[in-house]
Every structure is written in C-alpha cells, then in structure tokens.
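One structure is given here, and the rest of the page talks about it.
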Amino acid sequence: MKAKHIYTVLFFIGVIVAITFGAKMPAAGAKFSDVLGGFFFGLVLAVIANILWHREVKKEVKVLLQEHRDSDENPVFLLQRSVEQVQKLNDDFEKLDNKQVCQCIDDISEKFIHPFTEKRQTVMDMLGMEKGAEVLLTVAFGERMLNRVWSACADGHRPEAKKSLGQSCNNYLKAITLVEY
Amino acid sequence: MVFGIGESMSENTQGEYRELTVAAVILGVIQGVILNLAFVYAALKLGFSIGGSTVAAIMGYALLRGVMKKGTSIENNINQTIASGINTAGTGIVFTLPALFMLNYQWQQAGEAGINFTVWPFTIAGIAGSLLGVVIIIPLRKQMIDLDRLRFPSGVAVTTIIRSGSSGVGKAKLLGLGFVIAALWKVAITYIHVPGIIEHEEFLFGFGVIPKYLQPALYLSLMNVAAGLLAGRGGLSFFAGGVLAWWIISPTSVAMGWAQGADDAAQAGFIYGKMLRPLGIGALMGGALMGVIMTFPAIKSALRSLAQASKMAKLEKDSGDQDEMPFGLLIVGFIGAILLFFFAAYMTDGVTITQALITAIVGPIWLGLAALIVAQATGMTDISPMSGMALITVTIMMFILNQNIAAAMVVAVAVCVAIGQAADMMQDLKTGFMIGGRPVKQQAVQFMVTWIGAIIAIGAIYVLWKNGPGGANGFGPGTSLPAPQAGVLQGIIKGLKTGNVPLDKYVLGGSIGAVLAAAPLSGLGVMIGLAMYLPFSITLGYGLGCLLQMFLQKVKGAHFCEHKLVPFAAGLIIGEAITGIFQAGIDILRSM
C-alpha cells in the first residue's frame, strides 16, 4: 500500500473517532461531554495524518513533473495541447461552417480542456496556490470565450464568434506563458 | 421547435450579438414577479418553494427564439437570471418573516407580551439582502466557478435547456426522455402510499428488521439522483458523510447508550436533532472558514484579477468587453451593507446604538460566510442549508441583541435573502459560464431588479396575514396556509429563548469541519457537514446517483457521460421541478 493511502486511511480514522466522540451529549449542567479526550485523540490523529498526506501529494507532483512530461496525467501537457487546438481552430475558422466550429469546440473540450480542469488541484500543487490560481483563472476566461463561440455559431452570429475565438486564443496563450517549469 | 446550429435565424452579420436587451429584461421581470407571488403562496401552503430558472429558460426559448425569432442563447440567459433572482428574493423572506407574525400572535393570544415590530425594517433588510447577495458574488464567482469548477447541477440543467435546440436532436430527445420519466415518476410517488413501505415520497426499506437509527429510507426523487449523476465522483464525499453519520456514528451512539429514547424511532430522532444536525452545522461553519484560510492565496489572486479587470476596463473605456463588475462596487457594497444593517437594526424597537453598531459589523461578516457556505453546498449538491444558516443567524443575533427577537429576525431576513440570492446567482453564473455569457451583465441586471422580489414577497405576506379573521392570523397552524417552514423557525426561536443552544456541538463540529477542509480533497468540510445536517434519505439518493455515474463512466466512457448522461440527468431535474410546480398550482386551486 502506498504511503499516501496509509495516511489517507489514518486521516479518516481520526475524523471518524473525533466525530463519534464529539456526538455524545454533555451531562446536565456540563459544557462538554466526558469523552472529550477521545475527541481530541481523533482530531490530533487526523491533523498529523493530514500533514503527512500533504507531504506525499507534493512528492507525487514532483515525480509527475520529472517523469510524465508528455502524458495525459500532466496538466501542463494537456494545456499545451489545448492551446494548439484552439490556435488551429482560430486559423481555420473561415474555412469551417457553424456546425463544424461547434463540433471542433466539443472535441477540444472533451479531449483536452475538461481533462485539464479535472487536474486543477495538481496545477495548484505544481505552481503554488497564487500562481496556480492565476493560470486557472486565465484558462477559465479562455474556456468561457470558447463557449461563447459555440453559442454565437449556434445563433448564427459569425462576427461575435470570430471575436470571441480571438479572445479565447489570446487567453490560452497567456496561460501557457504563465506556466514556467 | 428544434433549430439546427446556425439555422435559427438567417446569418446575422449586422448588429451586436444580442445579450442584455429590453425584451429579455421585460420578460424576466414579468416571469419573476409571477413566480415570486406563486411561490410565496406555495411555500406558505406546502412548505417548499422551487427555483424558477427552468421555467423561465423554457419560456424564454419559446418567446425569444420561437415567437420573436431573434433571441439568442445568452439573451435567454439574462431572462432566466432576472426571473429566478426576483423569485428567489421571496424565498428568503417567506422562510423567516412569517415566523415573527405567528409568534407574536401566539404570545398575545396566551396573554403574554407580544413582539413590537413594523414591516419597514424588514423591507430595508430584504432590499439590503438582495443587493448584498449580488455584491458577495463578485469575488465568490471566480473562486467557485472559475477555480473550484463546482458543478451547480441546476445551472447545468438550465444550460441544457438553453442549448437544447442547437445541440442536435439526439440530446434534445434525451432531455425530453428524462423530463417525461421524472414527470411521470413525480406524479406516481405523490399518490402512492403503502404504509410502512412508501410514505411521504420515501421508500422505507427497514421492513421492521433494520432499526430506524440506521435510517433505512430512500427519498424517491429523481431530481436528487440526477444531481448525483451530474456530480459523479466529486459528490462521493457527500454520500460518505451520510454513511459516516448514520451507519457509524448512529449505531455506535446507540451501542454506547448515548442516544435517549424509548424505541429506535425515538433514538433516531434524538440522534438527528441533538447530535448530528448541530455537529453538521458546526462542521459547515468550520469547513467554510478553514476553506477560506487554505485558499487565501487563490482568493488573493482572484481579487487581484478583479482589480486588474477594473483598471483595464477604465483604460479601454468603451470596449464593451468588461467582464466583471467594478472592483469599487465591492467596497461600496460592503460599506452600504454596514449602513443598511445599522439602520435596519436601529429602526427596530428596543435596539440601542451600540447594539446596532455591533450588528452592522457582525452582520455583514456572518452574511459573507453564510453565503460562502450556501453557495458551496449548492454548487456541490444542489441543496441549500438555508434553515441551518437562519438558525445560526438568529442565535448570534439574539445573543448580541439581548434576546430581541424582532431585531434578530431583521438580520435573519437580510441574511436569508442574501444567501438565497447568492446561491441562485451562482447557478445562473454557472449557466452563463457554460454558454459564454458575460458575468457583468448578469450581475448588473440582478442589481437592477431583484430587490423588487423582496418588496413583493413582504407585501404578499403582509396582505395574506391581514386577510385572516379580524385582520390577523391569515396563515399558520389551523389555517389554510399552515406555513410549516416558519413553524420550524418558530420552534427554534422558542428554544433559543430558553437558552437551549448546543454550543458544544457547534464548537466540536467546527473543529472537525476545519480539519476536513484542510485535507487535500476540495470541499470535504462542507460536504460532510452538509451530509450530517440532512436526512440520510436525501444523501442516499444522491450517493446512488454518484455511484451510477462512476459505473457508467467506467463501462461506457467519458464521452457517453458527457453527451448522453448529462442531458438525460438535466431532463430528470427539469421534469421533477416543472411537475412539482404544476402540482403545487393544482393543490392551491383545489383549496380555493
């Protein structure tokens, strides 16, 4: 069993112990129950296991960066693919009809964008919370603009679709330049 | 009326892409006012109310695209944002204000001193709550939708409606199939009653063998299961919280002799009311607070991005591309909140300046935290713990305001309206994200019109109360409008007056929630807190939905789940919601 899994199990054992002892009602006139010791034992166990769990997660992220650079497990790889695909769609926009544009967006979302957003916690762990948030917010704006392209094409408004696609492209490019590793 | 992609109108190469239009605003306001009045009445009569987004989105699709032939997806989004915002403002009021009328009447009838109040502080509080709910969303939107990517199942369902015409016949058929199944199911379970097996829309699978303190009940709501289907693996912690509460803590409490009660049903009631619910409320608060601390760098980044967007918008002036409300509005809103809380409290009889000042500081801070909790819970599960937040609000305020019930309720009205608005706005912003709408336009229309909902709801409640014999008791026990939710809050207030506050549970639950929120799994504190707060029959149904989605994803793949399961689940949510509204309407007409 991996160390991470052991710490996860210990964390939940600690939480279960703490909640169970915390559930007991205090005696009449007392502020807290007489099993508060059991509650604190569970809480401390959960806190220690939590700290060790976080350490294991950080180690995993380092390994991901070093050994899985070009894998779907690596969110940066997925982001790079997203950028390429959105840029390609932007370049090919005039050659495609509305239905084809919408289909392209669905494909990009399914293959790259949604898998990337599923790994947002890994992005935070990789880049730190502040930088990770900046990247994710930039990607979110790009994705929202891509969704706007879909809506504009569905509604038959090509100029809006083209404008929004340009904005989406710019934001995805900005997001990938923010990532330095 | 299914339009193909780009075929709904001739290629519109001229003019701006229709988004915030007069047609959308007028349609949204009309629908919002009608839904508000209808749901205030339904809530007093039946004890629940339903969000109006799905109805408004369908009407918007029919009128803007079908009749006017020029409506766009994002225009319909503005329409449904306004309608649901005006409607939701009423929900926060109908849950709180009637309790005050009922308590006052009850105490006067018993020859005791009544509660001295007028509706004006509540009107100010309701308007303040409507505006504050929008203000609080400004920073929360980035956190919950852009960063945390919370699911907001109802928001996803509304997106499916708005896009149903353009997504292809296949998805529209799945949406329709889900709608029909949920509608028929809802009608069936409303009337099916098998004593001991199916009661009050719950399947009781104890059969006299499984003890009641293990909560062997399943809420027969396809909407609930559909919320789990949309959440998938991400919602599993909510189910795990329910299992922890009822299949570990509950039997352990019984085995250890901690649960009072003559039989297993009484023990279950004791465990839920005295142990799990207050622990769950504590965990919600602790989880939310720790969540803020843990994600503070991300929140800082989100706020910086907001401030930068404001600066860029000033430089670019008329680009029309500003996506966010001005950052200054957040500061103005916060100062406005302090002032409104101060005046609403000070206008209430028996409140000193010092108490009003403390209320003005504590009120907005608590409101922000409560909005965060409710928005997170709604985002993850589609369930809003509004009653729990109302309870805590009244508890805190009765402590600060020296047991002044009227003043505490003024703040409770503001908080409930605000958090209702926040949760509703988040659902609408999720829809906006998925279809490419600009958040600033949705927030602007909410700001402009949803305070109307608060005034309408207060007016409706006042009129209904005065409609009773002798100009009072128009709703409450023994009348045609029993107001069950207000009755619950009444009971809570009475309990607080006798000093019955489970402080130990709030503190211990808060500690547990904080530890859970610090884990490397997002939102654990809020999910497990919410699961302990709710009946297990709801958590079980949701959990089955999560497990089913995980199974289908493994067997059929992600493409199947995204393109087949999502529209079907959206249909289930919409079908049950619309049928529920229809049934409520029939019940009301029958009773007239």
Side-chain angles (χ1 to χ4, degrees), chain A residues 11 14-16 18-20 22-26 31-33 36 39 43 46-47 50 53-54 57 97-99 102 106 109-110 114-115 117 120-121 124-125 128-134 136-137 139-141 143-160 164 167, chain B residues 4-13 16-17 72-74 142 145-149 163 165-166 244 248-249 252-253 256 258 260 271 274-276 279 295-298 300-302 305 321 323 433-437 503-505 508-509 511-512 515-516 518-520 522 528 532 558-559 562:
Chain A
F11 171 78
V15 165
I16 290 169
I19 295 182
T20 306
K24 189 183 179 189
M25 298 297 290
K31 282 203 167 63
F32 291 93
S33 72
L36 208 55
F39 170 82
L43 206 68
V47 169
N50 196 5
W53 186 4
H54 272 283
V57 165
D97 65 27
N98 289 331
K99 204 166 176 172
C102 290
D106 284 343
S109 298
E110 189 183 318
H114 292 163
T117 56
R120 56 194 176 278
Q121 189 58 50
M124 296 282 214
D125 293 332
M129 206 161 275
E130 211 170 315
K131 182 99 176 267
E134 206 183 337
L136 290 171
L137 287 172
V139 168
F141 185 88
E143 187 182 340
R144 183 156 54 82
M145 285 299 106
L146 211 54
N147 293 335
R148 193 177 179 88
V149 175
W150 199 106
S151 296
C153 283
D155 293 330
H157 202 291
R158 292 283 292 195
E160 181 67 32
S164 301
Q167 286 179 318
Chain B
I5 287 176
E7 292 166 9
S8 60
M9 60 192 98
S10 54
E11 288 263 344
N12 182 8
T13 56
E16 215 180 299
Y17 186 38
T72 65
S73 311
I74 53 176
K142 279 191 182 280
I145 292 175
D146 288 355
L147 284 176
D148 293 341
R149 297 298 182 115
R163 283 195 163 181
S166 317
L244 167 66
I248 296 177
I249 297 173
T252 305
S253 299
M256 302 288 273
W258 298 344
Q260 294 172 23
I271 289 168
K274 300 285 184 194
M275 292 176 164
L276 292 173
L279 267 177
T295 58
F296 187 70
K300 220 170 66 175
S301 192
S305 143
D321 287 345
D323 258 23
F433 178 87
M434 293 178 77
I435 62 168
L503 205 55
D504 68 307
K505 295 287 171 279
L508 298 181
S511 310
I512 294 162
V515 169
L516 284 165
S522 179
I528 290 187
M532 290 167 67
H559 182 90
E562 187 59 37

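Below, chain A is the first sequence line, B the second, and so on; all start at residue 1. Both backbone and side-chain heavy atoms feed into the values below; hydrogens, waters and symmetry mates do not.
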Which bit of A/Met25 comes within less than 4.5 Å of chain B, counting heavy atoms only: side chain, backbone, both or neither? both

If you count heavy-atom pairs under 4.5 Å with chain A, which of B/Leu279, B/Ile528, B/Leu503, B/Ile435 comes out on top? B/Ile435

Looking at chain B, which one of A/Pro115, A/Ala23, A/Ala133 has the largest number of heavy-atom pairs inside 4.5 Å, strictly under? A/Ala23

With a 4.5 angstrom heavy-atom cut-off, which part of B/Leu516 approaches chain A: side chain, backbone, both or neither? both

Heavy atoms only, distances under 4.5 angstrom: which of A/Val57, A/Leu146, A/Val15 has the most pairs with chain B? Name it, please. A/Val15

Which of the residues A/Lys31, A/His54, A/Met145 is involved in the greatest number of heavy-atom pairs with chain B at under 4.5 angstrom? A/His54

I want to check something: taking the side chain as every heavy atom from C-beta on, are B/Asp146 and A/Phe141 in contact at a cut-off of under 4.5 Å? no

For B/Phe433 and A/Ala140, work out which heavy atoms get closest and say how close. CE1-O, 3.4 Å

What residue in A/Ser164, A/Ala18, A/Pro26, A/Ala46 has the most heavy-atom pairs under 4.5 Å with chain B? A/Pro26

Are the side chains of B/Ser73 and A/Arg148 in touch, meaning some heavy atoms are under 4.5 Å apart? no

Give, for atom CG of A/Asp155 and atom CD1 of B/Ile74, the distance between the pair rounded to the nearest 0.5 Å. 7.5 Å

Could I get the full list of salt bridge (Lys or Arg N to Asp or Glu O under 4.0 Å) partners for A/Lys24, not counting sequence neighbours? A/Asp34

Is a side-chain donor or acceptor of B/His559 paired with a backbone partner of A/Glu110 at a separation under 3.5 angstrom? no

Should B/Met256 and A/Thr20 count as side-chain neighbours, where that means a heavy-atom distance under 4.5 Å? no

Among A/Leu136, A/Asn50, A/Val47, which residue forms the greatest number of heavy-atom pairs with chain B at distances under 4.5 Å? A/Asn50

In sequence, state the C-alpha distance, the side-chain angles, and the governing distance for B/Trp258 and A/Ser33, and then conclude on side chain to side chain contact (heavy atoms under 4.5 Å, CB included). CA-CA 11 Å; B/Trp258 298 344; A/Ser33 72; over 6 Å; no

Indicate yes or no for a side-chain donor-acceptor contact from B/Tyr17 to the backbone of A/His157 under 3.5 Å, with no hydrogens or angles considered. no

Chain A contacts, top residue of B/Leu147, B/Ile249, B/Asp148, B/Ile271 (heavy-atom pairs, under 4.5 Å): B/Leu147

According to salt bridge (Lys or Arg N to Asp or Glu O under 4.0 Å), who are the partners of B/Arg149, at least two apart in sequence or on a separate chain? A/Glu143

Between B/Lys274 and chain A, which part of the residue has a heavy atom less than 4.5 Å away: side chain, backbone, both or neither? both

A/Glu160 versus chain B, heavy atoms under 4.5 Å apart: side chain, backbone, both or neither? side chain

Say you draw a straight line from OG1 of B/Thr252 to CD1 of A/Ile16; how long is it, rounded to the nearest 0.5 Å? 9.5 Å

Contact part of A/Leu36 toward chain B, heavy-atom cut-off under 4.5 Å: side chain, backbone, both or neither? side chain

Using 0.5 Å steps for rounding, measure from the CE atom of B/Met434 to the OG atom of A/Ser151. 10.5 Å

